[in-house]
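Letters A, B, ... mirror the listed sequences (proteins, then strands); counts begin at 1.
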Amino acid sequence: MKKFSYLLVLCTLVLLGANSCTPKDEVASPQPDRLLIGTWQENATRHFVRFLSADEDPMVGEYRFGYEWDEDDDVHPEDLIWHGNGWFKWKVETDTVSHKSVIRLTEIQLMDNGGAELPDTYIITTLNSTTFEYAPEDNLKFTHCFTKAD
Amino acid sequence: MKKLFKILGITLGSLVALVLVVAAVAVWCVFTPDKLTPVVRQVSDKFISCEHEVGEVDLTFFSTFPEFALRINGLYLINPMEGAQSDTLLAAPKVVARVNPVEFLKNNNLIVRELSLPDVQANIFINPDGQTNFDVFVTSPDTTAEDTAAFSLPFDSLSVEGISLTSPCLSFVDKKDSINALLLNTDLSGSVDGWDDVMLRLKSESVSATLGQTQYADNVQLQLSVPAEVYLDSMHFVLHDAELAVNQFELGLDGTVDLNPSFRTDLSLRTNDWEIEPLLQLLPSSFTDGIKDLRLKGDFQLSAAAQLNMQSRQSHVHIDQLEANVWNSAVKAQGDIDDLLGKMWLDLSLNLDVPLKDVARWIPQNMSVNGAVNGTASAQIFLDDLTAMHLEKGKIAGDLCLADIDFRMDSLMAAFDKTRLQFSIPNAQPSRKALGWLAATLQMSELTFRQTGTVSADLDPGTLQIESGNILSSDPVIYAKVGLRSSGKLHAEMDSMAAVMQAPDLNAYAEFDTKDASKIPVLVANMTFDDLQGNYTDIAAHLRKSALKASIVGGRRDKSVPLLSAQISTTALDASMGDSLTAKTANFSLSAKARYNSKADKLLLKWNPKLDVELKHGEVKVPALPPLIEIPQIKFAYSNRDFVIDTSRVLLGNSDFCLSGEIKNIGKWIQQKDTLLGVLNFTSARTDVNEFMEWFSADKGSEETADSVSSASAEATSVEDAQPFLVPTDVNLTLNTHIDETIIFNQVARNLGGQIYIQNGRLVLEEVGFVCRAAKLQLTAMYRTPRRNHLYLGFDYHMLDVNIQELVNMIPGLTTMVPMLDAFRGNAEFHLAAETYLKANYEPKRSTLRGACSIFGKDLVVMDNETFSKISKLLMFKKKTENLVDSISAEMTLYKNEINVYPFCVSIDNYMAALGGRHNLDMSFDYHINLLKPVYLGVDVSGTFDNLDIKLAPCRYAQDFRPLFHNKVNTQSAELRTLIRESMRKNVKIQ
């Protein structure tokens, strides 16, 4: 009985420990960086973000490139200077925090005159073929929601 | 002639001999006609070889003693020859002679008191072979054979006191020399008292004579009175006051005539008043053909001496006085004429009074001259050259008074009132080879000159010196040099140029083609004047007390393209160039060249000017710049290739500056074919930048097309009225600056210096520093304008000794990027590297905001009382604590709407806190304040200053937290500056 109790507790612990930390909003397979690639439009705005694959723009280290523009600000893709203002480097990492799997998006903003990099990190809360949501890591209250545009 | 005299002499002698025979017979016979006549006939048969008839012979002696008088009632000599005008050689109805036989027999002196032959008809003929019909007297074989032997008479002396012959018709025909002469109603009388006292009078009502094909006399009246000495042996004749009259033309002769071995004369002659028109009708046509079209009318009177030698062809006439009135002209001449039989060399001095209409026929048909000339002239020239107006082949000179002159030639016209003209042809000392034809000086009252549609000039009294090429030749190009001096005014116009000059002193050389108006005339001029007002198309100028050198010539390859050069120095100048430029100056000197290009549309490209200018106290107005440009001093050289400013000082609007340097490719830049290059050095005591930006903005963005410009303008709403400064893309200028005081936006900056570039569509300020109320600043910045509504601004900005309040006032929108600055007061140190795109009204496009910033502040006053009160209550500050921050050192990054404040420490009172978070441009924020001393606890502060939310939160920073200074700004600053320079090397194509 005592052994059975220890075994029961152990199984329970195993079961509890084996539970997924997948947040409520799931990030579906395949891998999140592949899902990100493409053009996304922020909901209720004309702000667009395009994540490029390595084929479209070669990687620098572990970072791929992307760019964003806001047509509400009269900024268009043809206005952007390659790897300048509006461009960023990005990577996606999956971490386990408090037994929970966290997808961290790191973006490093670039400037027209080069050299200066402004890094920031976000937590991706939703990512599938149509929806992409993320919030700053240090302020998860501010979530940005995007819909796939292409 | 010689033969004629010989024959006449033989005839006369034979007659005399016959008379003597008759007289002798009469002595020994009874003096009856019946007795005498047969005897005479017998004797005549012996002396006369041709058929003849002697009429009754009547001899008287005693009634006429001591002289015989013999009358022959009819003496006829008939000697037919083939071709002769008549078979009758001589038909004398009566021959009467009175002789002194005693003197002849005793002293061999033949004295004929009277020899009368009334109503004689003679027909003298010489056939082509030289045989004569009057060689009818039998002579000795010796004298007959030697025809050329010297003639001698069979008596020692001859005295004929009276010879009279009347004849209705005397005819002489010489087939050998083609001479024909006919005298009708002739009355001949004479006397011979020794051969040194011969008197011959001849009067014939009608004389006609031809020589060859030339008729020298045609039914003219001839009178001849010739007292002479005759030397038949040498055929030398001396005339004493001989008089010859042909019709109304009388000629007096004195001198000698020689016939052996050839015709020679040395005569003085004088005429009465000869009318020219009837004289010309009298002369053979061969003499008058050259002047038959002249229709000369007038008269002249001549007194001269002439020497003529037919053998050597030498001739000379000395004219004592020739007075001629031809048409309306009066001419008196003196001088000499040589080679009368040849080209006729004239060496004459003239007194003239000539209306110029009279000489019109001698000037080219395309010229006309009216007016009057009087004065003196001289000419040394051949007559042919004179009549053909080849004046340069002789020497012509004159000192004339011209009145009311009107000269026209093709499109040229010149008119002047009373003028003294001194001239010489050719020009003995031409200043140029082409000016060798004429030298002239005119002292005139007024002058008017016109070339229709091209040139006009009017001159007040002055002196005009002229040198010219041959204006009478067929060369259409006129070469002329003019020297003009006047105390009055000169008004001149040429094409669209006009000038009025006061007190001109001018020397000008000109060449212009009277036939080809497309060729630019050559004009080289030097002048000084008291005052000049001129204009050319839309260029106007007014100069005072000036000296000018100018030239206009046609281009070497294309003569219709004008090349201009000018050098001007003046004490005062006012000038304007259409609506493009007005200028005014005191002392001014200019050296200019220009080449006109009619195909160009821009003024500078049309004229291609090259200028060297130095002026003082100038004022310039150009449409591109609203205010007047004042130029206290300037010295520069300009061409469409480059513009070099040696020194300049300019006052423009609120600004003053000194500018030097060089700008290149101006012409190609205007044509949009090349980049405008330049390096300028700019120093100023005061510069208003706001004014310059307003004046010099481009029309479109560097990446805009005309369509995008118009569509952008149509679509713009809030920015539709904005006119941002757009950087031109075809300009590469560097401006090294030092400005003592600069007005920019609403601030005054001092000691501003640095470099400003415009290059490849970018405006860059490199390490420009200045001092203002807000701080000491150093700025490196870039401004470019891809689109009117997409303007880029990036800068690296350092400020020391910052007064935060002044800083916020100086940079509008700074609180937009760094909102929390508005909560601070005091001094700080500020470093900012940032970029953003701007709208047309310079409002930042927040989605493009990027930047890094660091602030170091000491003794700052923080926040407002209400906010601080909330915190101080929560943290239980001492009441006396002021909101003073001992020190603060913070770094931030800016991304879109968000400023990320990296954690930093703040020390107030006994407290030390670490502060970090985000501050949004909408003035909301989310900070975490981690109290480190005296207690360790955390607070989250969020919301806005008006709606603050403060709550406890878990501490995020370690108790010994000290922030890491990432040194982002320094790194970024260095990289920014480097990359700004590198970005300028990118090629931007000019569109």
Nearest-0.5 Å distance, CG of residue A/Leu118 to CG of residue B/Asn900: 9.5 Å
To the nearest 0.5 angstrom, please state how far the NE2 atom of B/His790 sits from the NE2 atom of A/His76. 8.5 Å
Heavy atoms only, distances under 4.5 angstrom: which of B/Lys896, B/His928, B/Glu898 has the most pairs with chain A? Name it, please. B/Lys896
So that I can tick it off, tell me whether A/Asp74 and B/Arg787 are bridged by a salt bridge, with the cut-off set at under 4.0 angstrom between side-chain N and carboxylate O. yes
Taking 4.0 angstrom as the limit, do B/Arg918 and A/Asp120 come out as a salt bridge? yes
B/Arg850 side, atom CZ; A/Phe88 side, atom CZ - distance, nearest 0.5 Å: 10.0 Å
A/Val75 vs B/Thr848 side-chain heavy atoms within contact, under 4.5 Å: yes
Which atoms of A/Asp72 approach chain B - backbone, side chain, both or neither, heavy atom under 4.5 Å: neither
Quiz question: by atom type and distance under 3.5 Å, do the side chains of B/Tyr837 and A/Asp112 form a donor-acceptor pair? yes
Side chain of A/Asp73, backbone of B/Ser847: donor and acceptor closer than 3.5 Å? yes
Distance, nearest 0.5 Å, that separates NZ of B/Lys845 from CG of A/Asp79: 6.0 Å
dist B/Leu849:CG -> A/Asn85:CG (nearest 0.5 Å) comes out at 8.5 Å
